[in-house]
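Report on one structure; see the data block that follows.
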Amino acid sequence: MTLANQRLDVPVTIDESLCIEGCTLCVDICPLDSLAISDETGKAYMHVDECWYCGPCADRCPADAVTVNIPYLLR
Ligand code: SF4
Ligand code: SF4
C-alpha cells in the first residue's frame with residue numbers, strides 16, 4: 001500500500017477550499033477507505049493511493065470538491 005501524501009497525480013484530488021469542514025461523506029462512501037479527513041486542515045484528502053475509479057466520492061460531494069482523475073486508458 002502506497003501512501004499518497006500531497007501529490008498532484010493521485011487518483012482523486014480534493015479542492016480543500018470547497019470541502020466542507022465536518023463533512024465525511026466521501027470518506028464514508030469509498031469502498032477502499034482511500035480517503036480520510038486531515039487532522040491538520042479538517043478537510044478530506046486521498047491518504048492511500050488506491051482507487052477503483054468508481055466515482056461515488058465525487059458524485060456524493062455536496063460541494064463538488066472531489067475530482068476523480070480517471071486514467072486515459074480507462075475512459
Ligand atoms: S473513485 Fe471510488 S475508490 Fe476511488 S476514491 Fe472515490 S469512492 Fe474511493
Ligand atoms: S464529500 Fe466533499 S465536502 Fe464532504 S468531506 Fe468529501 S470533499 Fe469534503
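Note that these values count all heavy atoms, side chains included, but never hydrogens, waters or copies made by symmetry. What you see is a predicted model; the values in this text were computed from it and never measured. Residue numbers run from 1 in the order of the sequence given.
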So, applying side-chain contact (heavy atoms from CB on, under 4.5 Å) with Thr13, which one of Thr67, Val66, Val68 is it? Thr67

Does one hydrophobic cluster hold both Val48 and Leu25, with members joined at side-chain heavy-atom distances below 4.5 Å? no

Reported SG-to-CG distance for the pair Cys61 and Asp15, which is rounded to 0.5 angstrom: 9.5 Å

Look only at the side chain of His47 and the backbone of Asp33, and say whether a donor-acceptor pair between them is shorter than 3.5 Å. yes

Atom pair CD1/SG of Ile29 and Cys54 - distance to nearest 0.5 Å: 8.5 Å

Could you measure the distance from the CD1 atom of Ile14 to the SG atom of Cys19? Nearest 0.5 Å is fine. 6.5 Å

CG of Asp59 to SG of Cys26, rounded to nearest 0.5 Å, is 12.0 Å

Kindly determine whether Trp52 and Leu32 satisfy side-chain contact (heavy atoms from CB on, under 4.5 Å), including the steps that lead there. CA-CA 8 Å; Trp52 287 341; Leu32 293 177; 3.3 Å; yes

Any chance you could measure Glu21, atom CD, to Thr41, atom OG1, to the nearest 0.5 Å? 7.5 Å

Between Thr24 (side chain) and Val27 (backbone), is there a donor-acceptor pair under 3.5 Å? no

Quick one: do Cys51 and Met46 satisfy side-chain contact (heavy atoms from CB on, under 4.5 Å)? Show the steps, please. CA-CA 10 Å; Cys51 186; Met46 182 158 241; 4.0 Å; yes

Within the side chain of Ser34, is there an N or O that forms a donor-acceptor pair under 3.5 Å with the backbone of Glu50? yes

Would you say that Val12 contacts Asn69 through its side chain, given a criterion of any heavy-atom pair below 4.5 Å between the two side chains? no

